[in-house]
Structures are given as C-alpha cells and as structure tokens.
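Numbering of ligands and ligand atoms starts at 1, following listing order. Just so it is clear, the values below take in all heavy atoms, side chains as well, and ignore hydrogens, waters and symmetry mates.
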Amino acid sequence: MKVPSPPPFIESAPADQRWPYRAADAHKGNFGRVLLVGGSRGMAGSISLSSMAALATGSGLVSVAIPDRCLETVAGFHPGVMTIPIQDDGVGAFGADASVNTKPYDVVGCGPGMGTGAGATALVEQLFWQADQHRVFDADAINIIAKENWLHSPALLRNSEHRGKSTLPLDQSTLVLTPHPGELARLTGVSAKDRDAQIEAAKSLAERFGMTIVVKGGPTWVVSGELLKTAATADVPAQNSQGVQVYRNRTGNPGMATAGSGDVLTGVVTSLLGQGLGAFDAATLAVYLHGLAGDFAAQAIGQASLTCREILGHLPAAIRAIE
Ligand SMILES: NC(=O)C1=CN([C@@H]2O[C@H](COP(=O)(O)OP(=O)(O)OC[C@H]3O[C@@H](n4cnc5c(N)ncnc54)[C@H](OP(=O)(O)O)[C@@H]3O)[C@@H](O)[C@H]2O)[C@@H](O)CC1
Ligand SMILES: Nc1ncnc2c1ncn2[C@@H]1O[C@H](COP(=O)(O)OP(=O)(O)O)[C@@H](O)[C@H]1O
Ligand SMILES: [Mg+2]
C-alpha cells in the first residue's frame with residue numbers, strides 16, 4: 001500500500017518518543033497480554049474490532065472474552081485472536097453469573113457491544129474493583145457505571161463478592177474511560193450538547209478518582225488525574241504530584257463519525273497500556289494515532305465512504321508516520 005504523505009500536524013504527536021521499542025530478541029510476551037471483554041449476539045463486530053486494533057498496534061497476545069454463543073463469530077474475524085467463552089444467558093448475552101479470570105493479562109479492555117444486562121453488570125463490577133490492573137472501559141461498561149451510579153454511591157456496589165465494602169476504590173489511576181458525548185452525559189448528567197461543561201465534568205471526575213477520561217468527538221480531549229511521576233535529577237529527588245493533565249487532539253475528521261470507529265480506539269488504548277505506557281500517555285498516543293489513521297483513510301477514499309475497516313487498515317501507516 002502506498003503511504004499517503006503525512007499531514008502537516010505530524011510534528012505535534014503527543015508521544016512520538018514513546019512508541020514501544022522492539023528489541024532484537026523480543027518475544028510476543030514482551031508486548032502485552034491483552035484481554036478484551038464485550039460483545040453479544042448482534043454486536044459481535046464491536047469487540048472484534050477492538051481485538052484487531054490491539055493486534056495491529058503491537059500487542060503480542062490478544063484474547064477476547066465473549067458470551068459463548070458468539071465465540072465462532074468473533075473467532076472468525078482474525079486468526080491471531082484467541083477467544084474465551086463466558087457463561088451465556090441463552091440468547092447471546094453474558095449470563096448473570098458471568099466472571100472472567102484476568103490474572104494472566106497485563107490489561108483489560110471492556111464494554112463494546114456487551115449490553116447492560118445482569119451478566120455484563122456483574123463483569124463490569126468485578127473489573128471496576130480490580131484497580132491493581134490497567135483497565136479501559138468503553139460504551140456499555142460506562143453505561144453500566146452510570147446506570148448503577150457506582151461513582152457516587154458505593155453502597156450500590158452490592159451485587160457481588162464486593163458486598164459489604166463501604167468505600168469506593170478511590171484510586172482509579174489505572175482506569176481509562178473512553179465515552180462519546182452521549183455516554184459522558186449518562187455518566188455525569190451534563191448535556192452532550194454542552195462540550196465545555198462536559199470537559200469540565202470529566203476533569204473533575206479525573207481529579208477525584210485519579211482516572212483518565214478520553215472525551216471523544218471532533219476534537220477529542222484527554223483529561224487525566226493519573227499521578228505524575230517526575231524523574232530524579234542530579235539535584236532534585238524523584239517526585240510525585242497530583243494534578244489534571246489535559247490534551248487536545250488535532251488529528252481526526254468527521255468521516256470518523258461511523259459505526260465501530262470508537263471500538264477501534266478502545267483496542268488501541270488497551271494495546272498501548274499493555275505495552276507498558278501509563279494511562280495518560282497511552283490515551284493521548286492512541287487518540288492521535290486513531291485520528292491520523294482516520295485522516296489517511298479519508299485521503300485515500302474520502303470521508304463519506306470511510307468505515308471502521310479503513311481506520312483499522314490505516315493504523316500501520318499512522319504508526320510508521322510517527323516511528
Ligand atoms: N458493529 C457493532 O457491533 C457495533 C456495536 N456498537 C455498540 O452499540 C451499543 C450502543 O452504542 P451507541 O454508541 O451506538 O449508542 P448509545 O450509547 O445509545 O449512544 C447514542 C446516544 O448518545 C447520543 N450522543 C450525543 N452525542 C453523541 C456523539 N458524539 N456520538 C454518539 N452518540 C452521541 C445520541 O444522541 P442523538 O443521536 O440522539 O443526538 C444517542 O442518544 C454499544 O454497545 C456499542 O459498543 C457500536 O460500537 C457500533 C458498532
Ligand atoms: N466529527 C468528528 N471528528 C473527528 N472525530 C470524530 C467525529 N465524530 C466521531 N469521531 C470519532 O469517532 C469515534 C466514535 O466513537 P463512538 O461513538 O464510540 O463509535 P462506535 O461506538 O460506533 O464505535 C471517536 O473516536 C470519535 O472521536
Ligand atoms: Mg462507542
């Protein structure tokens with residue numbers, strides 16, 4: 001494929017020094033064991049897109065946990081993706097007692113296409129508490145947090161083995177949320193039409209929980225309350241400081257307003273976390289690359305014809321442009 005000439009804003013890549021280095025003796029285990037959780041009958045494509053985006057952006061091993069009935073469908077998208085059947089409710093959604101073993105993985109991405117039923121809720125609740133592990137919550141994982149009001153009312157977290165815990169895991173610096181404006185409105189109560197107020201609401205959540213929030217749209221913003229670690233110098237010892245970091249992305253175009261576009265982004269953020277980037281670095285580099293892939297795709301075929309497939313297909317060109 002001919003690589004289109006890069007748009008002029010390439011030099012504003014947020015993290016062009018941070019692309020994970022691949023040593024000559026590297027093996028697949030060095031580049032992240034990624035678990036993606038989501039999908040349901042009728043929306044199997046969503047989590048499959050995330051898994052293919054993770055593979056295309058460097059992840060060494062990618063597994064997808066899906067309701068049992070969707071296994072063959074998801075497995076058919078890419079031969080490099082492994083599939084894990086999870087208890088099904090009989091009609092292709094997660095069953096009420098669904099759970100997933102996340103121990104073998106470096107990072108978990110969750111939400112696309114999973115719906116907000118009992119099984120999906122149980123899984124998101126499990127993952128919400130596993131704050132010792134990086135997690136990316138998108139789509140229905142965000143809708144479930146909003147519906148259950150977990151950010152504001154910890155007493156409602158009572159449907160699982162976490163019953164009885166009286167406080168929220170306040171440190172969620174390992175959590176990245178990727179809401180579109182409709183999802184952010186559900187989470188914060190702030191109208192999707194009021195962009196500035198939405199960004200302020202996201203900042204306040206980021207500060208309170210230490211989490212990172214990708215406020216998707218044209219343009220996408222990233223806000224993060226992740227602890228900042230300043231490296232030691234000869235004169236000053238290493239320091240930690242808290243504060244909200246803000247990044248406004250400059251890549252992307254309205255051709256990306258197309259089904260599955262955000263599912264691809266979920267896979268890219270999860271992939272970069274799995275390769276060792278911190279939450280803010282992974283989120284900013286992911287939205288930059290995703291937007292750049294969308295810009296290359298629009299140059300190649302035009303905005304109107306752009307689909308999630310073309311965004312996925314142009315991720316390699318976007319990576320090469322910043323490497
Ligand atoms: N191939 C597959 O399997 C795919 C499966 N998918 C899965 O489908 C599920 C539903 O997800 P969803 O995003 O389609 O619907 P939903 O969460 O109801 O949001 C729409 C509401 O939000 C509002 N809204 C306001 N601003 C907005 C904005 N900028 N961008 C978007 N919306 C905006 C909007 O307002 P309105 O359009 O009325 O102005 C409307 O009220 C979910 O599981 C997802 O993962 C998809 O990923 C696609 C590919
Ligand atoms: N007008 C736009 N300009 C630039 N990017 C856009 C625009 N509209 C949508 N996008 C991008 O497309 C993606 C849409 O995500 P989302 O709504 O979750 O899609 P889906 O759930 O269908 O996969 C986001 O990354 C968003 O930033
Ligand atoms: Mg989405």
**Q** Please state which option from Lys216, Met43, Met256 has its nearest heavy atom closest to atom 24 (C) of ligand 2.
**A** Lys216
**Q** Using the side chain to side chain contact (heavy atoms under 4.5 Å, CB included) rule, pick out the option among Val37, Val34, Leu123, Leu273 that qualifies with Val108.
**A** Val37
**Q** Please check if the side chain of Asp89 supplies one atom and the backbone of Gly95 the other of a donor-acceptor pair under 3.5 Å.
**A** no
**Q** Taking the side chain as every heavy atom from C-beta outward, state whether Asn249 and Thr284 have any atom pair closer than 4.5 Å.
**A** no
**Q** Looking at Gly113, is its backbone amide N or carbonyl O close enough to the side chain of Ser40 to form a donor-acceptor pair, meaning the two atoms are under 3.5 Å apart?
**A** yes
**Q** Would you check if Leu277 and Leu285 make a side-chain contact, meaning some heavy-atom pair closer than 4.5 Å?
**A** yes
**Q** Side-chain contact, heavy-atom cut-off 4.5 Å: Leu127 with Thr102?
**A** yes
**Q** In the complex you have, is atom 7 (C) of ligand 1 within reach of the protein, judged by whether a heavy-atom distance drops under 4.0 Å?
**A** yes
**Q** Quick check: His180 and ligand 2, any N/O pair under 3.5 Å apart?
**A** no
**Q** Just one of Ser271, Ser50, Ser51 clears the side chain to side chain contact (heavy atoms under 4.5 Å, CB included) bar with Val62, so which one?
**A** Ser51
**Q** Between CE of Met256 and CG of Leu306, what distance do you get to the nearest 0.5 Å?
**A** 7.5 Å
**Q** Checking Gln275 side chain against Phe31 main chain: does a donor-acceptor pair fall under 3.5 Å?
**A** no
**Q** Starting from atom 13 (C) of ligand 2, find the nearest protein heavy-atom neighbour and note its residue, name and distance.
**A** Ser261 OG, 3.2 Å
**Q** Name the closest protein heavy atom to atom 48 (C) of ligand 1, giving the residue it belongs to and the distance to 0.1 Å.
**A** Gly260 N, 3.7 Å
**Q** Quick one: nearest non-hydrogen protein atom to atom 44 (C) of ligand 1, plus distance?
**A** Gly113 N, 3.8 Å
**Q** Of all the atoms in ligand 2, which lie at a distance below 4.0 Å from a heavy atom belonging to Asn253?
**A** 2 (C), 3 (N), 4 (C), 5 (N)
**Q** Just by distance, do the side chain of Arg135 and the backbone of Phe128 share a donor-acceptor pair under 3.5 Å?
**A** yes
**Q** Report the distance from atom CZ of Arg320 to atom CG of Leu292, rounding to the nearest 0.5 Å.
**A** 11.5 Å
**Q** Hey, does the side chain of Gln172 reach the backbone of Phe209 with a donor-acceptor pair shorter than 3.5 angstrom?
**A** no
**Q** Give the single entry among Gly262, Pro219, Gly217, Gly182 that approaches atom 23 (O) of ligand 2 most closely by any heavy atom.
**A** Gly262
**Q** Looking at atom 2 (C) of ligand 2, what's its closest protein heavy atom, distance included?
**A** Pro254 CA, 3.7 Å
**Q** How about atom 41 (O) of ligand 1: does it have a protein heavy atom within less than 4.0 Å?
**A** no
**Q** Pick, from Cys308, Gly217, Ala139, Ser46, the option with the minimum heavy-atom distance to atom 4 (C) of ligand 1.
**A** Ser46
**Q** Can you list every pair that meets salt bridge (Lys or Arg N to Asp or Glu O under 4.0 Å) and has a residue in residues 189-206, with sequence neighbours left out?
**A** Glu200-Lys203
**Q** Determine if the distance from atom 37 (O) of ligand 1 to the closest protein heavy atom is below 4.0 Å.
**A** no
**Q** Could you check whether Arg250 makes a cation-pi contact with Tyr288, meaning its NZ or CZ is under 6.0 Å from the centre of the six-membered ring and within 45° of the ring axis?
**A** no
**Q** Kindly state if atom 22 (O) of ligand 1 has a protein heavy atom within a strict 4.0 Å cut-off, that is, under 4.0 Å?
**A** yes
**Q** If you take the nearest heavy atom of each of Ala141, Gly182, Gly262, which one is closest to atom 25 (C) of ligand 1?
**A** Gly182
**Q** Among protein heavy atoms, which lies nearest atom 8 (N) of ligand 2, and at what distance?
**A** Ala257 CB, 3.5 Å
**Q** Which residues, ordered by chain and number, are linked to Val91 in its hydrophobic cluster, where ILVMFWY side chains connect at heavy-atom gaps below 4.5 Å, directly or through other members?
**A** none
**Q** Can you confirm whether something in the protein, heavy atoms only, sits under 4.0 Å from atom 14 (O) of ligand 1?
**A** no
**Q** Does the protein put a heavy atom under 4.0 Å from atom 10 (C) of ligand 1?
**A** no
**Q** Taking N or O atoms only and a 3.5 Å limit, does Gly260 qualify as a polar contact for ligand 2?
**A** yes
**Q** Any heavy atom of His290 sitting closer than 4.0 Å to ligand 2?
**A** yes
**Q** Short list, please: which atoms of ligand 2 are under 4.0 Å from a heavy atom of Ala259?
**A** 22 (O)
**Q** Where on Thr220 is there a heavy atom closer than 4.0 Å to ligand 2, on the side chain, on the backbone, on both, or on neither?
**A** side chain
**Q** Hey, does Asp263 come in under 3.5 Å of ligand 2, counting only N/O atoms on both sides?
**A** yes
**Q** Out of Arg195, Lys193, His180, Lys216, who is nearest to atom 31 (C) of ligand 1 when you count heavy atoms only?
**A** His180
**Q** Return the residue, atom name and 0.1 Å-rounded distance of the protein heavy atom closest to atom 43 (O) of ligand 1.
**A** Asp140 OD2, 2.5 Å
**Q** Thinking salt bridges, do Lys216 and Asp138 make one under a 4.0 Å N-O criterion?
**A** yes
**Q** Write out the residue and atom name of the closest protein heavy atom to atom 28 (C) of ligand 1, then the distance separating them to 0.1 Å.
**A** Pro181 CD, 3.5 Å
**Q** Who's the nearest protein heavy-atom neighbour of atom 47 (O) of ligand 1, and how far?
**A** Asp263 OD2, 2.8 Å
**Q** Going by heavy-atom distance to atom 18 (O) of ligand 1, choose the closest among Glu183, Arg186, Gln198, Met114.
**A** Arg186
